[in-house]
Amino acid sequence: TPLKQKTDARAMPKDAITPGRTIANAVASAAEVGPEEVSHLEFIGRWLRTGAGPEGRTLLATFIDPEAGDAGPGAGHTVSLLALAEDAGGTFATSYQHVSQGEARSVEFRRLVNHADLDGDGIDEILLEAWRYAATPEVVVLKYAGGKWTESFRVSENWCLDTKKGDKD
């Protein structure tokens, strides 16, 4: 039986880009990532109706390198940043941040897959995909508690591949 998902008829803010950029830039600055390092990256700002925080919504802000490196795929320097913040009447509290920077082959990228209330507590869990260049991606589940999103589960995306009898690990 599927878990019942909440319905929330409250209007979502129309602008996710402006507050999202403000949060992402603040997270980048705190991690000593300069504006020149993120100015060429793809930015995504998006509202998620998660049930978290006073307004029940979470702002996703992310910078990601579509080329996976400034010298070509998996080469050179890159940055991956993903931040979440809850809206409390127009004031945002950053509740999760992932910043990875350096040699493109070593950076862990993260992107949103989806969100749903997996455990029935009324607050969605957030599903992310985490990967490194030329490595097997992983699914990461974030859970909200005490005003923060924390990683509650991580598994390789090939976790369910059956092995034939006699196959070696």
Side-chain angles (χ1 to χ4, degrees), residues 5 8 10-53 55-88 90-118 123-144 147-154 157:
Q5 298 298 309
D8 187 342
R10 291 181 289 181
M12 293 289 270
K14 292 182 181 174
D15 182 18
I17 301 299
T18 304
R21 277 195 185 276
T22 300
I23 289 164
N25 287 331
V27 168
S29 178
E32 298 181 0
V33 175
E36 71 283 356
E37 294 180 85
V38 295
S39 64
H40 68 284
L41 301 178
E42 180 180 331
F43 175 78
I44 298 167
R46 182 174 163 197
W47 285 105
L48 307 173
R49 194 178 304 280
T50 61
E55 301 293 328
R57 57 186 176 232
T58 299
L59 181 60
L60 167 82
T62 182
F63 282 115
I64 194 160
D65 188 344
E67 301 300 321
D70 61 7
H77 180 84
T78 193
V79 175
S80 174
L81 181 148
L82 188 145
L84 300 170
E86 278 58 55
D87 181 5
T91 302
F92 299 94
T94 303
S95 53
Y96 176 81
Q97 52 189 311
H98 165 81
V99 181
S100 185
Q101 65 174 321
E103 175 60 38
R105 291 182 187 271
S106 67
V107 167
E108 181 177 273
F109 298 93
R110 292 193 180 181
R111 69 174 152 224
L112 174 72
V113 174
N114 211 332
H115 61 97
D117 185 3
L118 301 176
I123 298 175
D124 287 2
E125 282 67 44
I126 295 178
L127 285 79
L128 304 175
E129 180 181 40
W131 75 100
R132 294 179 191 275
Y133 187 79
T136 302
E138 297 176 311
V139 174
V140 176
V141 177
L142 301 179
K143 176 144 184 75
Y144 187 80
K148 297 288 180 192
W149 292 96
T150 56
E151 193 173 304
S152 65
F153 183 74
R154 180 186 275 251
E157 285 187 8

Task: Residue pair T78 / A104: nearest heavy atoms and the distance that separates them - done: CG2-CA, 3.7 Å
- [ ] Taking side chain to side chain contact (heavy atoms under 4.5 Å, CB included) as the test, write out the residues that go with S95, two or more places apart.
- [x] L84, E86, Y144, W149
Open item on the list: Nearest 0.5 angstrom please: L112 CG to I44 CD1, how far?
Closed with: 8.5 Å
- [ ] Report yes if the side chains of F109 and I64 come closer than 4.5 Å at any heavy-atom pair, otherwise no.
- [x] yes
Open item on the list: Atom CZ of residue position R46 - does it have more than 12 heavy atoms of other residues, nucleotides or ligands inside 6.0 Å?
Closed with: no
TODO: Working to the nearest 0.5 Å, report the span between CD1 of I126 and NZ of K143.
DONE: 11.5 Å
TODO: List in chain and number order the residues that pass side chain to side chain contact (heavy atoms under 4.5 Å, CB included) with D15, two or more places apart in sequence or in another chain; answer none if no residue qualifies.
DONE: I17, T18, P19
TODO: Looking only at non-hydrogen atoms, find the nearest pair between L127 and L118 and report the distance.
DONE: CD1-CD1, 4.0 Å
Task: Parallel, tilted or perpendicular: ring planes of W47 versus F92, cut at 30 and 60 degrees - done: tilted
TODO: Of all the heavy-atom pairs spanning H98 and E108, show the shortest one and how long it is.
DONE: NE2-O, 2.8 Å
- [ ] Using the test salt bridge (charged side-chain N to carboxylate O under 4.0 Å, His left out), find all partners of E129 that sit at least two apart in sequence or belong to another chain.
- [x] R111
Task: Closest non-hydrogen atom pair between A130 and V140, with its separation - done: CB-CG2, 3.8 Å
Task: Residue pair L142 / E151, side-chain heavy-atom distance below 4.5 Å - done: yes
Task: Sub-4.5 Å side-chain heavy-atom contact between L82 and L60 - done: yes
Open item on the list: What verdict does the side-chain contact (heavy atoms from CB on, under 4.5 Å) test give for H40 and F63, after you've listed the backbone C-alpha separation in whole Å, the side-chain angles of each residue and the deciding distance to 0.1 Å?
Closed with: CA-CA 9 Å; H40 68 284; F63 282 115; over 6 Å; no
Task: Rounded distance [0.5 Å steps], CZ in R49 versus CG in D124 - done: 10.5 Å
Task: Distance (rounded to the nearest 0.5 Å) between R110 CZ and Q97 CD - done: 11.5 Å
Open item on the list: For A31, give me all partners under side chain to side chain contact (heavy atoms under 4.5 Å, CB included), at least two apart in sequence or on another chain.
Closed with: V33, V99
- [ ] Quick one: which residue pairs count as a side chain to side chain donor-acceptor pair (under 3.5 Å) with a foot in residues 26-39, not counting sequence neighbours?
- [x] E37-H77
- [ ] Mind listing the closest non-hydrogen atom pair of V27 and A83 along with its distance?
- [x] CG2-CB, 4.0 Å
- [ ] Check whether any side-chain heavy atom of V38 sits under 4.5 Å from a side-chain heavy atom of L81, and report yes or no.
- [x] no
Task: Atom pair OG1 (T50) and CG (D117), whose distance is rounded to the nearest 0.5 Å - done: 10.0 Å
Task: V107 versus S80, closest heavy-atom pair with distance - done: CG1-CB, 3.9 Å
Task: Partners passing ring pair (Phe, Tyr, Trp, His ring centres under 6.0 Å) against F153 (at least two apart in sequence or in another chain) - done: none
Open item on the list: How long is the straight-line distance from CE of M12 back to CZ of R57, given to the nearest 0.5 Å?
Closed with: 6.5 Å
